[in-house]
Every structure is written in structure tokens, then in C-alpha cells.
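Here's the structure, in C-alpha cells; my notes come after.
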Amino acid sequence: MALLVQKYGGTSVANIEHIEHVAQRIINTKNEGYDVVVVVSAMGGETDRLIRLAEDLHDNPHPRELAALLATGEQVSVALLCMALHKHGFKARSYTGWQAGIITDDSFKKARIQKVQTETISEALNEGNIVVVAGFQGVDSNGNITTLGRGGSDTTAVALAAALNAHECQIYTDVEGVFTADPRIVSEAKLLKHITFEEMLELASLGAKVLQIRAVEFAGKFQIPLRVASTFSDCPGTLVTYEEKIKGKVMEQPKVSGIAFNRNEARLTLLGVPDRLGIAGIILGPVSEANVDVDMIIQNDSADGTIDFTFTVNREDFNKANEILKKLATELDARDVVTDNKIAKISLVGVGMRSHPGIATKMFTTLGNEGIGIKMISTSEIKISVVIDEKYTELGVRALHAAFRLEQGPTEEFDPEG
Ligand code: ADP
Ligand code: ASP
Ligand code: MG
């Protein structure tokens, strides 16, 4: 029997009515003749509530205990969902991450899945059960509970779909699929019927939280058929595609497919550092040793033999990075450290950008016309990102969405269903 993995996010199971609605959707799928493995998140707002509890108690809660605490959120929703399925006479069993055989490394807050031992789940499926697995959690080789990072239930679902060789992995959420921009910010945003894997990877890594980046990476590695759709409608949603050419039709790619933004960054500059060979490595060495991920980097040299070195980091790492730079400024005899943690990054993404060089110019002109100054720029083949003042995020995203006429949606030359 074909197997579907369905994941329901926090808003989809936020209260008893929603849980009953989700149960009905699962029953419909089962009645269509599929085996079903369901992954659920904690009830909406629950993970945040648990984090606040921990932080009220301790400035820096131990990651092992934090993971143990946060994993309880998903444990509640899997059990409730099974009860809702039982009410309708369906066999269903709930499993925590460790019971489901999700083995991770020991990085408690953002663990990586190393393998999935599927025996327990397979047995439960063979006995006719709907299997309901707690998302966002696993167990390390020492038996400790781990969590997969915010939004990690998406990754649980894709990992299970890969391990169980599922027909499709369906991510059900509170919007109808992947849009040209966050539909909560841009009301004209258009639903994408399909998106290439590369674009989805960029959108997810550049701030569109509709899928966790690791889920997209995992899906790509194993070429998992991945769909994002709404829990609350029957719209087919968005299909992530892996090939540009399907059934003889070449995809007519739009230049820009989507816009993402990230308000969670901070910028730091080391000013007037006496230049020497390998200086960038000397500056970034202690930053990476402290496990701080660096995003954009700019190095400028001036005529007086010094350089200015600027980079961005995740805002939660800002204080750590700032301390390191202050120390480096003394050691390297730099003039000053300047920081700004009220920045945002806006990015245009599209595989069609490869062959359209005018897009960057149009992006910069559009922002300039709105009075939005650009602080940093970075480009790759299929994306352009700019750093701006955080307060202009919505204005910038909406202006770009309009300038690239994304409300009309990309050209639909290609129908993966057709
Ligand atoms: P869930 O709890 O179901 O995992 P999330 O809140 O993690 O849901 O992700 C869904 C949200 O992602 C949407 O409510 C939407 O605000 C946001 N989002 C950001 N960018 C996009 C986009 N391009 N398309 C669709 N949703 C997006
Ligand atoms: N409950 C976790 C979170 O809020 C995981 C998830 O929802 O995917 O981040
Ligand atoms: Mg999510």
C-alpha cells in the first residue's frame, strides 16, 4: 500500500477543534487507501511558552534540560491526535522521537538526524495503525532527548518520508502553500503551484519560514516528493520539483520567483585594522571558533594601509560576536568597532535570474525610489540580497513585489500534474 507522510504544524493543532479537523483529514486519506504516518508540532504557541518558562527560571538553561522541556510540547499533541482518531474507530499509535527511532547527534538545540530506525513504525503500520510521530525531536547515542531547531517538525517529516520511502511528504500549514512572498506581509502575494528545489532552498535559508531549511536539504538529498498545502482548504498547494524539464516541457522560468526577508540579523564592523596578509582569516577565526555563523562579509581597503571589515551574524549571536570583536580591536590595533543590530535582509530569488543581469539594478532603483538605503549587497546565481534598516522591511518587500509584478505570478508554462 502506498504511504503518505503528513505533517501538521502548530496552528493546525492549536486547539481541540483543530485537532479533530486534522483527525478527519487523516481519516479521509486513510479511507483513500493510503498508509499514513503523521508528524505533528506542539500546539500553537506552546514551544514559545515553554521557552519563556525556562528563561524565567534561568538566564542560560542547560541545553539538555531545555530539549527535554521543549520535547513535551509535541508529546501532548501526538497523544491528543491519536485519541481523536480512536474516537472515530481508527487504530492509531503515538510515538515520541526516540520511540520512533529518530537518532540524532548530541547538539541538543539544533540536532541533526543521523538515521531513522524504522522497525517500530513499520510494525505499527503493518498492524493497521495510523502512526503519529512527535516532530522536532530525537535521541542521541547516549539516550538523551534532543531537539531539531525551530521549525524542526518539517525535518522530522521529510526524514521519515525518506526512511519509509513514502509516495509523498505533505507539509500542512496555515497558508495554502509557498507564495511569491510571505502572504501575511504582502496581501497580493501569489501562490506558486510549483517551485524548484534550488529556489525553495534559497527562500528557506533567506528567511521564509514556511519550511525549515534542513527539511529542504534533506528532501533534495533523497529527492523526496515534497508538497506544502493548507490544513484548512483542499487546494493542492505547492509542489517542490527537482527537474527543470518534465514530460518534454521546458519550464518557462520567471526571472524572480519569490522574495524572502530576515529580520533576525545584526551587522558588525571592525574599522581601521592595519592590513596584513590573511587578515580576514585572523578576524573570522575566533568568531567561527565561538560557533557563530557568519552570513555576509565585506572587506574594504583604504589608501592608508588599513581595512574595514564588516560581517553579519544571527541576532542571537550578536553579543558574543561583539565581545570577540572588541577584544580583536585591541589585539590588532584597530580604530573602532561599530555595530547595528536593527537591520533586515531582503532577498530576491529565482532560477530565471541567471540570464537576466538587469534585475539587481531594478532592485536597487526600486528601493532607492522608496527612500530605502542599502547597507550591504550579496549576490549568487539565483538570488540577490540587500541589508537595509529593519524599519523599512515591509515597505521594501511590498515595493519589490510590485516592481517585479509578482502579483501576476510566474508564467505557468509547466504543469507537473498535466
Ligand atoms: P507551521 O506552524 O505550520 O509549521 P510556520 O509558521 O512555521 O507554520 O510556517 C508558515 C508561515 O510561513 C506562514 O504563516 C507565513 O506567514 C510564513 N511564510 C513566510 N514566507 C512565506 C512564503 N513565501 N510562502 C508561504 N508562507 C510564508
Ligand atoms: N514546535 C517547534 C517550534 O515551534 C517545532 C515545529 O513546530 O516545527 O519550532
Ligand atoms: Mg514551521
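Order of listing sets the numbers, starting from 1, for every ligand and every atom in it. Since we're looking at a predicted model, the values are computed, not measured.
Of the protein's non-hydrogen atoms, V210 CB, 3.7 Å is the one closest to atom 27 (C) of ligand 1. Nearest non-hydrogen protein atom to atom 13 (C) of ligand 1 is D174 OD1, 3.5 Å. In terms of protein heavy atoms, atom 7 (O) of ligand 2 is closest to S41 OG, 2.9 Å. Here the protein heavy atom with the shortest distance to atom 15 (C) of ligand 1 is D182 OD1, 3.3 Å. Distance from atom 5 (P) of ligand 1 to its nearest protein heavy atom, with residue and atom name: K209 CE, 4.1 Å. The closest protein non-hydrogen atom to atom 25 (C) of ligand 1 is G177 O, 3.2 Å. For atom 4 (O) of ligand 1, the closest non-hydrogen atom of the protein is K7 NZ, 3.0 Å.
Between K7 and ligand 2, a contact under 3.5 Å exists for no N or O pair. At a 3.5 angstrom cut-off on N or O pairs, G10 counts as close to ligand 1. Residue G149 places no N or O, backbone or side chain, under 3.5 Å from any N or O of ligand 2. Ligand 1 has a nitrogen or oxygen under 3.5 angstrom from a nitrogen or oxygen of F179. Between R184 and ligand 1, a contact under 3.5 Å exists for at least one N or O pair. Between D154 and ligand 1, no N or O atom pair is found at a separation short of 3.5 Å.
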Output a table of donor-acceptor pairs, distance under 3.5 Å, between side-chain atoms of residues 78-85 and any protein atom two or more places apart or on a different chain; print 'none' if there are none.
none

Identify each donor-acceptor pair in which a side-chain atom of residues 118-134 lies under 3.5 Å from a protein atom, sequence neighbours left out, and give them as a table.
unit_1	atom_1	unit_2	atom_2	d
S122	OG	T118	O	3.0
N126	ND2	S122	O	3.3
N129	ND2	A124	O	3.0

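Put simply, part of V178 is less than 4.0 Å from ligand 1, judged by heavy atoms. Using a 4.0 Å heavy-atom cutoff, G152 is listed among the residues neighbouring ligand 2. Ligand 1 is approached by P183 to a heavy-atom distance shorter than 4.0 Å. At a 4.0 Å cut-off, not a single heavy atom of G135 sits close enough to ligand 2 to count as contact. The shortest separation from a heavy atom of E74 to ligand 2 is under 4.0 Å, placing the residue in contact.
Defined by atom type and a distance below 3.5 Å, a donor-acceptor pair is missing between the side-chain atoms of T231 and H21. Side-chain contact check for E323 and N319: no donor-acceptor pair (N or O, by modelled atom type) lies under 3.5 Å. Looking only at atom types and distance, the side chain of S347 has no donor-acceptor partner in the side chain of E202 under 3.5 Å away.
For the pair D295 and R267, the salt-bridge criterion is not met [side-chain N within less than 4.0 Å of a carboxylate O]. Between E46 and R49 there is a salt bridge, with a side-chain nitrogen of the basic residue lying less than 4.0 Å from a carboxylate oxygen of the acidic one. In summary, D174 and R184 engage in a salt bridge, as defined by a charged side-chain N under 4.0 Å from a carboxylate O.
Annotation for Q212 and G152: closest pair OE1-CA, 3.5 Å, computed over non-hydrogen atoms. In terms of heavy-atom proximity, A229 sits nearest to P236 at CB-O, 4.1 Å.
Counting heavy atoms closer than 4.0 Å to ligand 1, residue E176 contributes nothing at all. With a heavy-atom cut-off of 4.0 Å, A181 touches ligand 1 through its backbone alone.
Numbered from 1 in the order shown, with element, the atoms of ligand 2 that lie under 4.0 Å from a heavy atom of R150 read 3 (C), 4 (O), 9 (O).
Atom 10 (C) of ligand 1 has its nearest heavy-atom neighbour, among V40, T173, L206, in T173.
Using a 4.5 Å cut-off on side-chain heavy atoms (C-beta onward), F108 and D140 make contact.
Rounding to the nearest 0.5 Å places CD1 of I343 at 13.0 Å from CZ of R263.
Cation-pi geometry between K255 and F404 is not satisfied (NZ or CZ under 6.0 Å from the ring centre, within 45° of the ring normal).
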